[in-house]
Participant: 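Below: one structure in C-alpha coordinates.
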Number of protein chains: 2
Amino acid sequence: MTVGATRPGGRTARVRAAVLKAAGDALVEHGFDRLDLADVARRAEVGKTTVYRRWGTVAGLVTDLLADMAEQSLPRADTGTLIGDLRANARLVQRTLVDSRQGALFRAVIVAATCDLRAAEALHRFYAVRIAEWAPCVEQAVRRGELPPGTDAAEVIRAVSAPLYYRLLVSGDPIDEAMADRSAEAAAAAAHAGVFTQTSCPD
Amino acid sequence: MTVGATRPGGRTARVRAAVLKAAGDALVEHGFDRLDLADVARRAEVGKTTVYRRWGTVAGLVTDLLADMAEQSLPRADTGTLIGDLRANARLVQRTLVDSRQGALFRAVIVAATCDLRAAEALHRFYAVRIAEWAPCVEQAVRRGELPPGTDAAEVIRAVSAPLYYRLLVSGDPIDEAMADRSAEAAAAAAHAGVFTQTSCPD
DNA sequence: GCGCTAACGAAACCACAGTTCCCTTAGCGG
DNA sequence: CCGCTAAGGGAACTGTGGTTTCGTTAGCGC
(Lines give C-alpha, C1' and ligand atoms only; values in the text may rest on other atoms or scores of the structure.)
Protein backbone atom coordinates (compact mmCIF):
# COMPACT_ATOMS: atom_id res chain seq x y z
CA MET A 1 0.00 0.00 0.00
CA THR A 2 2.75 2.38 0.98
CA VAL A 3 4.12 4.27 -2.00
CA GLY A 4 7.86 4.11 -2.77
CA ALA A 5 8.81 0.81 -1.18
CA THR A 6 12.21 0.57 -2.84
CA ARG A 7 15.08 2.56 -1.37
CA PRO A 8 13.27 3.20 1.88
CA GLY A 9 16.24 4.82 3.56
CA GLY A 10 17.14 8.37 2.75
CA ARG A 11 15.56 10.68 0.26
CA THR A 12 12.52 8.64 -0.74
CA ALA A 13 11.35 8.34 2.85
CA ARG A 14 12.18 11.99 3.56
CA VAL A 15 10.13 13.12 0.58
CA ARG A 16 7.21 10.95 1.59
CA ALA A 17 7.25 12.28 5.13
CA ALA A 18 7.46 15.90 3.94
CA VAL A 19 4.67 15.44 1.42
CA LEU A 20 2.32 13.67 3.86
CA LYS A 21 2.96 16.39 6.44
CA ALA A 22 2.27 19.08 3.85
CA ALA A 23 -0.81 17.23 2.62
CA GLY A 24 -2.15 17.13 6.16
CA ASP A 25 -1.54 20.85 6.62
CA ALA A 26 -3.19 21.72 3.31
CA LEU A 27 -6.10 19.43 4.06
CA VAL A 28 -6.70 21.07 7.42
CA GLU A 29 -6.56 24.53 5.82
CA HIS A 30 -8.58 24.03 2.64
CA GLY A 31 -10.39 20.70 2.94
CA PHE A 32 -10.41 17.76 0.58
CA ASP A 33 -12.09 19.40 -2.40
CA ARG A 34 -9.73 22.35 -2.63
CA LEU A 35 -6.58 20.34 -2.24
CA ASP A 36 -4.07 21.24 -4.97
CA LEU A 37 -1.17 18.84 -5.43
CA ALA A 38 1.05 21.66 -6.71
CA ASP A 39 0.35 23.50 -3.45
CA VAL A 40 1.27 20.41 -1.46
CA ALA A 41 4.51 20.13 -3.43
CA ARG A 42 5.34 23.76 -2.71
CA ARG A 43 4.72 23.32 1.03
CA ALA A 44 6.81 20.15 1.10
CA GLU A 45 9.56 21.91 -0.88
CA VAL A 46 9.41 19.17 -3.43
CA GLY A 47 8.90 19.20 -7.20
CA LYS A 48 5.25 18.95 -8.16
CA THR A 49 6.24 16.33 -10.73
CA THR A 50 7.25 14.10 -7.85
CA VAL A 51 3.92 14.40 -6.15
CA TYR A 52 2.00 13.66 -9.34
CA ARG A 53 4.28 10.74 -10.18
CA ARG A 54 4.15 9.05 -6.79
CA TRP A 55 0.56 9.71 -5.76
CA GLY A 56 -1.19 10.76 -8.94
CA THR A 57 -4.43 12.11 -7.51
CA VAL A 58 -5.73 13.83 -4.42
CA ALA A 59 -7.54 10.64 -3.44
CA GLY A 60 -4.34 8.63 -3.83
CA LEU A 61 -2.43 11.01 -1.61
CA VAL A 62 -5.13 10.97 1.05
CA THR A 63 -5.17 7.16 0.90
CA ASP A 64 -1.46 7.09 1.65
CA LEU A 65 -2.00 9.61 4.42
CA LEU A 66 -4.55 7.25 5.92
CA ALA A 67 -2.06 4.37 5.73
CA ASP A 68 0.34 6.59 7.62
CA MET A 69 -2.30 7.44 10.23
CA ALA A 70 -3.08 3.73 10.62
CA GLU A 71 0.47 3.08 11.80
CA GLN A 72 0.12 5.34 14.82
CA SER A 73 -2.44 3.44 16.85
CA LEU A 74 -3.30 4.31 20.42
CA PRO A 75 -3.61 1.31 22.74
CA ARG A 76 -7.03 0.42 24.05
CA ALA A 77 -7.99 0.90 27.66
CA ASP A 78 -8.52 -1.83 30.23
CA THR A 79 -10.33 -0.33 33.20
CA GLY A 80 -11.82 -3.58 34.49
CA THR A 81 -15.43 -2.75 33.65
CA LEU A 82 -17.27 -2.63 30.36
CA ILE A 83 -18.63 0.85 30.88
CA GLY A 84 -15.21 2.11 31.87
CA ASP A 85 -13.62 0.73 28.73
CA LEU A 86 -16.40 1.94 26.45
CA ARG A 87 -16.28 5.38 28.00
CA ALA A 88 -12.52 5.50 27.44
CA ASN A 89 -13.08 4.56 23.80
CA ALA A 90 -15.84 7.11 23.34
CA ARG A 91 -13.74 9.87 24.88
CA LEU A 92 -10.78 8.96 22.71
CA VAL A 93 -12.90 9.19 19.58
CA GLN A 94 -14.52 12.38 20.85
CA ARG A 95 -11.18 14.07 21.46
CA THR A 96 -9.93 12.97 18.07
CA LEU A 97 -12.93 14.27 16.15
CA VAL A 98 -13.06 17.56 18.07
CA ASP A 99 -9.34 18.24 17.62
CA SER A 100 -9.13 20.74 14.79
CA ARG A 101 -6.32 19.00 12.94
CA GLN A 102 -7.34 15.39 13.47
CA GLY A 103 -11.01 16.13 12.95
CA ALA A 104 -10.33 17.79 9.62
CA LEU A 105 -8.10 14.91 8.62
CA PHE A 106 -10.75 12.33 9.41
CA ARG A 107 -13.38 14.30 7.55
CA ALA A 108 -11.04 14.44 4.59
CA VAL A 109 -10.32 10.74 4.44
CA ILE A 110 -14.00 9.94 4.83
CA VAL A 111 -14.82 12.27 1.96
CA ALA A 112 -12.02 10.73 -0.10
CA ALA A 113 -13.56 7.33 0.53
CA THR A 114 -16.84 8.45 -1.04
CA CYS A 115 -14.98 9.52 -4.19
CA ASP A 116 -12.37 6.83 -4.67
CA LEU A 117 -12.62 3.06 -4.40
CA ARG A 118 -9.06 2.52 -3.12
CA ALA A 119 -9.52 5.19 -0.49
CA ALA A 120 -12.78 3.51 0.55
CA GLU A 121 -11.05 0.15 0.92
CA ALA A 122 -8.26 1.71 2.96
CA LEU A 123 -10.77 3.47 5.20
CA HIS A 124 -12.80 0.34 5.80
CA ARG A 125 -9.66 -1.63 6.62
CA PHE A 126 -8.61 1.16 8.96
CA TYR A 127 -11.84 0.98 10.93
CA ALA A 128 -11.96 -2.81 10.84
CA VAL A 129 -8.56 -2.79 12.56
CA ARG A 130 -9.58 -0.13 15.08
CA ILE A 131 -12.77 -2.03 15.94
CA ALA A 132 -10.90 -5.32 16.26
CA GLU A 133 -8.45 -3.60 18.62
CA TRP A 134 -11.23 -2.60 21.00
CA ALA A 135 -13.41 -5.70 20.67
CA PRO A 136 -11.54 -7.54 23.47
CA CYS A 137 -13.09 -5.13 25.98
CA VAL A 138 -16.47 -6.55 25.14
CA GLU A 139 -15.23 -10.13 25.03
CA GLN A 140 -13.76 -9.71 28.50
CA ALA A 141 -17.07 -8.32 29.72
CA VAL A 142 -18.83 -11.39 28.36
CA ARG A 143 -16.30 -13.65 30.14
CA ARG A 144 -16.82 -11.69 33.37
CA GLY A 145 -20.55 -12.30 33.03
CA GLU A 146 -21.33 -8.60 32.51
CA LEU A 147 -22.87 -9.26 29.11
CA PRO A 148 -24.88 -12.15 27.66
CA PRO A 149 -22.85 -14.79 25.79
CA GLY A 150 -22.92 -14.48 22.02
CA THR A 151 -22.68 -10.68 22.17
CA ASP A 152 -21.22 -9.33 18.91
CA ALA A 153 -18.21 -7.41 20.22
CA ALA A 154 -17.56 -5.44 17.03
CA GLU A 155 -21.17 -4.31 16.95
CA VAL A 156 -20.90 -2.89 20.46
CA ILE A 157 -17.73 -0.95 19.58
CA ARG A 158 -19.35 0.41 16.43
CA ALA A 159 -22.37 1.47 18.50
CA VAL A 160 -20.08 3.58 20.69
CA SER A 161 -18.53 5.53 17.80
CA ALA A 162 -21.56 5.81 15.55
CA PRO A 163 -23.31 8.73 17.31
CA LEU A 164 -20.06 10.71 17.34
CA TYR A 165 -19.47 10.32 13.62
CA TYR A 166 -23.17 10.95 12.96
CA ARG A 167 -22.83 14.34 14.60
CA LEU A 168 -19.55 15.11 12.90
CA LEU A 169 -20.79 14.36 9.40
CA VAL A 170 -24.55 14.49 9.36
CA SER A 171 -26.42 16.42 12.03
CA GLY A 172 -23.71 18.89 13.02
CA ASP A 173 -24.73 18.78 16.68
CA PRO A 174 -21.95 19.44 19.20
CA ILE A 175 -19.65 16.58 20.23
CA ASP A 176 -18.70 17.08 23.87
CA GLU A 177 -17.49 14.75 26.55
CA ALA A 178 -20.93 14.32 28.11
CA MET A 179 -22.17 13.27 24.69
CA ALA A 180 -19.36 10.72 24.41
CA ASP A 181 -20.23 9.29 27.82
CA ARG A 182 -23.87 8.99 26.86
CA SER A 183 -22.84 7.20 23.71
CA ALA A 184 -20.83 4.67 25.71
CA GLU A 185 -23.66 4.22 28.20
CA ALA A 186 -26.19 3.71 25.42
CA ALA A 187 -24.04 1.01 23.81
CA ALA A 188 -23.54 -0.69 27.18
CA ALA A 189 -27.27 -0.56 27.97
CA ALA A 190 -28.16 -2.05 24.58
CA ALA A 191 -25.53 -4.75 24.98
CA HIS A 192 -26.86 -5.59 28.45
CA ALA A 193 -30.34 -5.90 27.02
CA GLY A 194 -29.02 -8.48 24.57
CA VAL A 195 -29.61 -6.41 21.45
CA PHE A 196 -26.18 -7.30 20.06
CA THR A 197 -26.35 -11.06 20.61
CA GLN A 198 -25.82 -12.84 17.32
CA THR A 199 -27.72 -16.08 18.14
CA SER A 200 -31.11 -14.49 18.98
CA CYS A 201 -30.74 -14.66 22.77
CA PRO A 202 -33.56 -12.78 24.57
CA ASP A 203 -32.88 -11.05 27.91
CA MET B 1 -32.90 29.62 0.19
CA THR B 2 -34.47 28.48 -3.07
CA VAL B 3 -32.76 30.03 -6.05
CA GLY B 4 -34.78 32.12 -8.53
CA ALA B 5 -37.62 33.27 -6.33
CA THR B 6 -38.90 35.91 -8.76
CA ARG B 7 -41.06 34.79 -11.65
CA PRO B 8 -41.75 31.43 -10.10
CA GLY B 9 -44.25 30.36 -12.73
CA GLY B 10 -43.06 29.23 -16.13
CA ARG B 11 -39.55 29.03 -17.46
CA THR B 12 -37.59 29.77 -14.29
CA ALA B 13 -39.28 26.95 -12.42
CA ARG B 14 -38.98 24.61 -15.40
CA VAL B 15 -35.27 25.30 -15.69
CA ARG B 16 -34.77 24.74 -11.99
CA ALA B 17 -36.60 21.44 -12.08
CA ALA B 18 -34.68 20.25 -15.14
CA VAL B 19 -31.33 21.28 -13.67
CA LEU B 20 -31.99 19.68 -10.29
CA LYS B 21 -33.09 16.48 -11.99
CA ALA B 22 -29.99 16.50 -14.17
CA ALA B 23 -27.79 17.29 -11.18
CA GLY B 24 -29.23 14.31 -9.33
CA ASP B 25 -28.58 12.04 -12.31
CA ALA B 26 -25.02 13.27 -12.74
CA LEU B 27 -24.38 12.99 -9.01
CA VAL B 28 -25.56 9.38 -8.96
CA GLU B 29 -23.36 8.57 -11.96
CA HIS B 30 -20.12 10.38 -11.12
CA GLY B 31 -20.34 11.42 -7.46
CA PHE B 32 -19.85 14.85 -5.94
CA ASP B 33 -16.21 15.40 -6.80
CA ARG B 34 -16.55 14.70 -10.51
CA LEU B 35 -19.64 16.79 -10.98
CA ASP B 36 -19.23 19.17 -13.92
CA LEU B 37 -21.75 21.99 -14.14
CA ALA B 38 -21.37 22.11 -17.92
CA ASP B 39 -22.36 18.43 -18.01
CA VAL B 40 -25.39 19.16 -15.84
CA ALA B 41 -26.38 21.96 -18.22
CA ARG B 42 -26.10 19.63 -21.20
CA ARG B 43 -28.27 16.98 -19.52
CA ALA B 44 -30.86 19.57 -18.54
CA GLU B 45 -30.77 21.01 -22.09
CA VAL B 46 -30.00 24.39 -20.64
CA GLY B 47 -27.20 26.87 -21.29
CA LYS B 48 -24.23 26.33 -19.01
CA THR B 49 -24.16 30.09 -18.40
CA THR B 50 -27.54 29.71 -16.69
CA VAL B 51 -26.30 27.02 -14.34
CA TYR B 52 -23.21 29.02 -13.40
CA ARG B 53 -25.22 32.20 -12.93
CA ARG B 54 -27.98 30.72 -10.77
CA TRP B 55 -26.00 28.21 -8.73
CA GLY B 56 -22.39 29.22 -9.17
CA THR B 57 -20.66 26.19 -7.72
CA VAL B 58 -21.18 22.47 -7.35
CA ALA B 59 -21.78 22.96 -3.64
CA GLY B 60 -24.38 25.64 -4.34
CA LEU B 61 -26.24 23.36 -6.71
CA VAL B 62 -26.18 20.47 -4.25
CA THR B 63 -27.44 22.81 -1.53
CA ASP B 64 -30.44 23.71 -3.67
CA LEU B 65 -30.96 20.04 -4.43
CA LEU B 66 -31.09 19.38 -0.71
CA ALA B 67 -33.67 22.16 -0.27
CA ASP B 68 -35.70 20.39 -2.94
CA MET B 69 -35.32 17.03 -1.18
CA ALA B 70 -36.39 18.63 2.09
CA GLU B 71 -39.77 19.51 0.59
CA GLN B 72 -40.68 15.89 -0.05
CA SER B 73 -40.97 14.57 3.49
CA LEU B 74 -42.41 11.17 4.32
CA PRO B 75 -44.81 11.15 7.29
CA ARG B 76 -43.67 9.47 10.46
CA ALA B 77 -45.19 6.21 11.66
CA ASP B 78 -47.52 5.79 14.64
CA THR B 79 -47.65 2.13 15.50
CA GLY B 80 -48.68 2.57 19.12
CA THR B 81 -45.41 1.34 20.64
CA LEU B 82 -42.01 2.95 20.88
CA ILE B 83 -40.14 0.02 19.41
CA GLY B 84 -42.62 -0.18 16.52
CA ASP B 85 -42.15 3.50 15.70
CA LEU B 86 -38.37 3.39 16.02
CA ARG B 87 -38.19 0.28 13.86
CA ALA B 88 -40.30 2.01 11.22
CA ASN B 89 -37.92 4.96 11.31
CA ALA B 90 -34.84 2.77 11.13
CA ARG B 91 -36.22 0.81 8.19
CA LEU B 92 -37.15 4.00 6.37
CA VAL B 93 -33.62 5.33 6.75
CA GLN B 94 -32.15 1.94 5.83
CA ARG B 95 -34.20 1.74 2.62
CA THR B 96 -33.24 5.28 1.72
CA LEU B 97 -29.51 4.79 2.23
CA VAL B 98 -29.45 1.43 0.45
CA ASP B 99 -31.39 2.73 -2.57
CA SER B 100 -28.78 3.37 -5.23
CA ARG B 101 -30.11 6.76 -6.27
CA GLN B 102 -31.12 8.11 -2.87
CA GLY B 103 -28.04 6.68 -1.19
CA ALA B 104 -25.74 8.37 -3.68
CA LEU B 105 -27.65 11.62 -3.28
CA PHE B 106 -27.33 11.58 0.47
CA ARG B 107 -23.64 10.77 0.28
CA ALA B 108 -23.24 13.69 -2.11
CA VAL B 109 -25.00 16.24 0.08
CA ILE B 110 -23.08 15.08 3.13
CA VAL B 111 -19.82 15.46 1.23
CA ALA B 112 -20.92 18.88 0.01
CA ALA B 113 -21.55 19.86 3.63
CA THR B 114 -17.94 19.11 4.52
CA CYS B 115 -16.75 21.44 1.73
CA ASP B 116 -19.16 24.33 1.88
CA LEU B 117 -20.54 26.26 4.83
CA ARG B 118 -23.93 26.98 3.27
CA ALA B 119 -24.36 23.35 2.31
CA ALA B 120 -23.49 22.37 5.88
CA GLU B 121 -26.11 24.74 7.29
CA ALA B 122 -28.72 23.40 4.90
CA LEU B 123 -27.85 19.82 5.81
CA HIS B 124 -28.04 20.48 9.55
CA ARG B 125 -31.38 22.21 9.14
CA PHE B 126 -32.59 19.29 7.05
CA TYR B 127 -31.77 16.78 9.77
CA ALA B 128 -33.01 19.03 12.55
CA VAL B 129 -36.41 19.05 10.80
CA ARG B 130 -36.38 15.30 10.20
CA ILE B 131 -35.48 14.62 13.83
CA ALA B 132 -38.14 17.03 15.07
CA GLU B 133 -40.67 15.22 12.89
CA TRP B 134 -39.99 11.89 14.55
CA ALA B 135 -39.45 13.14 18.10
CA PRO B 136 -43.19 12.92 18.95
CA CYS B 137 -42.90 9.10 18.87
CA VAL B 138 -40.61 9.31 21.85
CA GLU B 139 -42.69 11.95 23.60
CA GLN B 140 -45.76 9.76 23.25
CA ALA B 141 -43.83 6.84 24.71
CA VAL B 142 -42.90 8.98 27.70
CA ARG B 143 -46.55 9.95 28.14
CA ARG B 144 -47.58 6.29 27.89
CA GLY B 145 -45.09 5.53 30.65
CA GLU B 146 -42.88 3.42 28.38
CA LEU B 147 -39.89 5.69 28.98
CA PRO B 148 -38.66 7.71 31.96
CA PRO B 149 -39.79 11.35 32.07
CA GLY B 150 -37.19 13.84 30.88
CA THR B 151 -36.05 11.60 28.05
CA ASP B 152 -34.43 13.66 25.28
CA ALA B 153 -36.58 12.70 22.31
CA ALA B 154 -34.23 14.07 19.65
CA GLU B 155 -31.35 12.13 21.14
CA VAL B 156 -33.27 8.87 20.84
CA ILE B 157 -34.11 9.52 17.19
CA ARG B 158 -30.50 10.40 16.44
CA ALA B 159 -29.41 7.17 18.14
CA VAL B 160 -31.58 5.19 15.72
CA SER B 161 -30.03 6.69 12.57
CA ALA B 162 -26.46 7.03 13.73
CA PRO B 163 -25.33 3.41 13.22
CA LEU B 164 -26.80 3.39 9.71
CA TYR B 165 -24.93 6.53 8.64
CA TYR B 166 -21.81 5.28 10.39
CA ARG B 167 -21.84 2.21 8.16
CA LEU B 168 -22.66 4.22 5.05
CA LEU B 169 -19.85 6.71 5.49
CA VAL B 170 -17.26 5.26 7.81
CA SER B 171 -17.01 1.52 8.31
CA GLY B 172 -18.55 0.34 5.04
CA ASP B 173 -20.29 -2.58 6.73
CA PRO B 174 -23.54 -3.77 5.12
CA ILE B 175 -26.79 -1.99 5.98
CA ASP B 176 -29.58 -4.52 5.94
CA GLU B 177 -33.00 -4.64 7.53
CA ALA B 178 -31.85 -6.79 10.45
CA MET B 179 -29.20 -4.17 11.14
CA ALA B 180 -31.85 -1.42 11.08
CA ASP B 181 -33.99 -3.37 13.54
CA ARG B 182 -31.04 -3.84 15.87
CA SER B 183 -30.35 -0.14 15.70
CA ALA B 184 -33.93 0.66 16.71
CA GLU B 185 -33.80 -1.91 19.52
CA ALA B 186 -30.51 -0.54 20.81
CA ALA B 187 -31.90 3.00 20.94
CA ALA B 188 -35.03 1.77 22.72
CA ALA B 189 -32.99 -0.23 25.24
CA ALA B 190 -30.75 2.74 26.00
CA ALA B 191 -33.78 5.02 26.35
CA HIS B 192 -35.44 2.55 28.73
CA ALA B 193 -32.29 2.46 30.82
CA GLY B 194 -32.54 6.24 31.18
CA VAL B 195 -29.38 7.04 29.25
CA PHE B 196 -31.11 9.82 27.32
CA THR B 197 -32.73 11.59 30.26
CA GLN B 198 -31.64 15.22 30.35
CA THR B 199 -32.13 15.90 34.08
CA SER B 200 -29.72 13.24 35.40
CA CYS B 201 -32.40 10.68 36.26
CA PRO B 202 -30.88 7.33 37.30
CA ASP B 203 -32.72 4.08 36.53
C1' DG C 1 -51.97 42.14 -27.31
C1' DC C 2 -47.77 45.07 -26.36
C1' DG C 3 -43.72 46.52 -24.25
C1' DC C 4 -40.50 46.12 -20.32
C1' DT C 5 -37.16 43.57 -18.07
C1' DA C 6 -35.63 39.37 -15.76
C1' DA C 7 -33.77 35.40 -17.16
C1' DC C 8 -31.70 32.41 -20.80
C1' DG C 9 -28.05 30.99 -24.10
C1' DA C 10 -24.07 30.72 -27.76
C1' DA C 11 -19.47 31.54 -28.26
C1' DA C 12 -15.17 33.47 -27.34
C1' DC C 13 -12.10 33.74 -23.66
C1' DC C 14 -9.03 32.68 -19.56
C1' DA C 15 -6.58 30.39 -15.82
C1' DC C 16 -4.68 26.81 -13.82
C1' DA C 17 -4.63 21.78 -12.50
C1' DG C 18 -2.43 18.07 -14.40
C1' DT C 19 1.01 16.10 -17.98
C1' DT C 20 5.22 15.59 -20.58
C1' DC C 21 10.10 16.08 -21.56
C1' DC C 22 14.42 15.73 -20.40
C1' DC C 23 18.07 16.69 -17.39
C1' DT C 24 20.02 16.27 -12.41
C1' DT C 25 20.72 14.24 -7.95
C1' DA C 26 21.65 10.87 -4.60
C1' DG C 27 21.45 6.33 -2.68
C1' DC C 28 23.25 1.55 -2.78
C1' DG C 29 26.31 -2.23 -4.45
C1' DG C 30 30.63 -3.64 -5.59
C1' DC D 1 35.32 5.53 -3.75
C1' DC D 2 33.08 4.98 -8.20
C1' DG D 3 29.52 3.97 -11.38
C1' DC D 4 24.71 2.53 -12.19
C1' DT D 5 20.03 3.53 -11.80
C1' DA D 6 15.91 4.83 -9.20
C1' DA D 7 14.01 8.83 -7.86
C1' DG D 8 13.61 13.97 -8.00
C1' DG D 9 13.03 18.53 -10.29
C1' DG D 10 12.51 22.66 -13.60
C1' DA D 11 9.98 24.38 -17.26
C1' DA D 12 7.17 24.29 -21.15
C1' DC D 13 2.76 22.52 -22.65
C1' DT D 14 -2.25 21.27 -22.87
C1' DG D 15 -7.20 20.44 -21.89
C1' DT D 16 -10.94 21.60 -19.51
C1' DG D 17 -13.68 23.75 -15.85
C1' DG D 18 -15.21 28.11 -15.15
C1' DT D 19 -16.03 33.31 -16.71
C1' DT D 20 -17.31 37.24 -19.56
C1' DT D 21 -19.76 39.40 -23.28
C1' DC D 22 -23.48 40.53 -25.56
C1' DG D 23 -27.48 39.38 -28.12
C1' DT D 24 -32.23 36.67 -27.56
C1' DT D 25 -36.41 34.97 -25.38
C1' DA D 26 -40.35 34.76 -22.58
C1' DG D 27 -43.10 35.84 -18.58
C1' DC D 28 -45.78 39.41 -16.29
C1' DG D 29 -48.31 43.97 -15.87
C1' DC D 30 -51.03 47.13 -18.07
Participant: Which atom pair, heavy atoms only, marks the closest approach of B/V195 to A/A186?
Facilitator: CG1-N, 3.7 Å
Participant: I'd like to check the side-chain contact (heavy atoms from CB on, under 4.5 Å) partners of B/A17; sequence neighbours left out, ordered by chain and number.
Facilitator: none
Participant: Please, which pairs that meet side-chain hydrogen bond (donor to acceptor under 3.5 Å, both in side chains) have at least one residue in residues 92-107 of chain A, sequence neighbours excluded?
Facilitator: A/D25-A/R101
Participant: Got a sec, which pairs hit salt bridge (Lys or Arg N to Asp or Glu O under 4.0 Å) with one end in residues 150-160 of chain A, sequence neighbours left out?
Facilitator: A/E155-A/R158, A/E155-B/R167, A/E155-B/R182, A/R158-B/D173
Participant: A/R14 side chain N/O closer than 4.0 Å to the phosphate oxygens (OP1, OP2) of C/dG27?
Facilitator: yes
Participant: Applying ring pair (Phe, Tyr, Trp, His ring centres under 6.0 Å), can you list everything that pairs with B/Y166, at least two apart in sequence or on another chain?
Facilitator: A/Y165
Participant: Distance-only criterion, 3.5 Å: show the donor-acceptor pairs between side-chain atoms of residues 129-141 of chain A and protein atoms not counting sequence neighbours.
Facilitator:
| residue | atom | partner | partner atom | Å |
| --- | --- | --- | --- | --- |
| A/E133 | OE1 | A/S73 | OG | 3.0 |
| A/E133 | OE2 | A/S73 | OG | 2.9 |

Participant: Sequence neighbours left out, what passes side-chain contact (heavy atoms from CB on, under 4.5 Å) with B/T79? Give chain and number order.
Facilitator: B/A77, B/T81, B/D85
Participant: If an axis is fit to five pairs at each end of the helix from C/dG1-D/dC30 to C/dG30-D/dC1, what is the angle between the two, to the nearest 10°?
Facilitator: 40°
Participant: Which residues pass the side-chain contact (heavy atoms from CB on, under 4.5 Å) test with A/A44, not counting sequence neighbours?
Facilitator: A/A18, A/V19, A/A22, A/V46
Participant: Heavy atoms under 4.0 Å is the rule here; annotate nucleotides 13-24 of chain D 5' to 3' with B where the base is hit, S where only the sugar-phosphate is, and - elsewhere.
Facilitator: ----SBBBB---
Participant: Rounded to the Å, how far apart are B/D33 CG and C/dA17 P?
Facilitator: 16 Å
Participant: Using OP1 and OP2 only, check whether a side-chain N or O of B/T50 sits under 4.0 Å from C/dG9.
Facilitator: yes
Participant: I need the CD-P distance between A/E45 and D/dG10, as an integer number of Å.
Facilitator: 11 Å
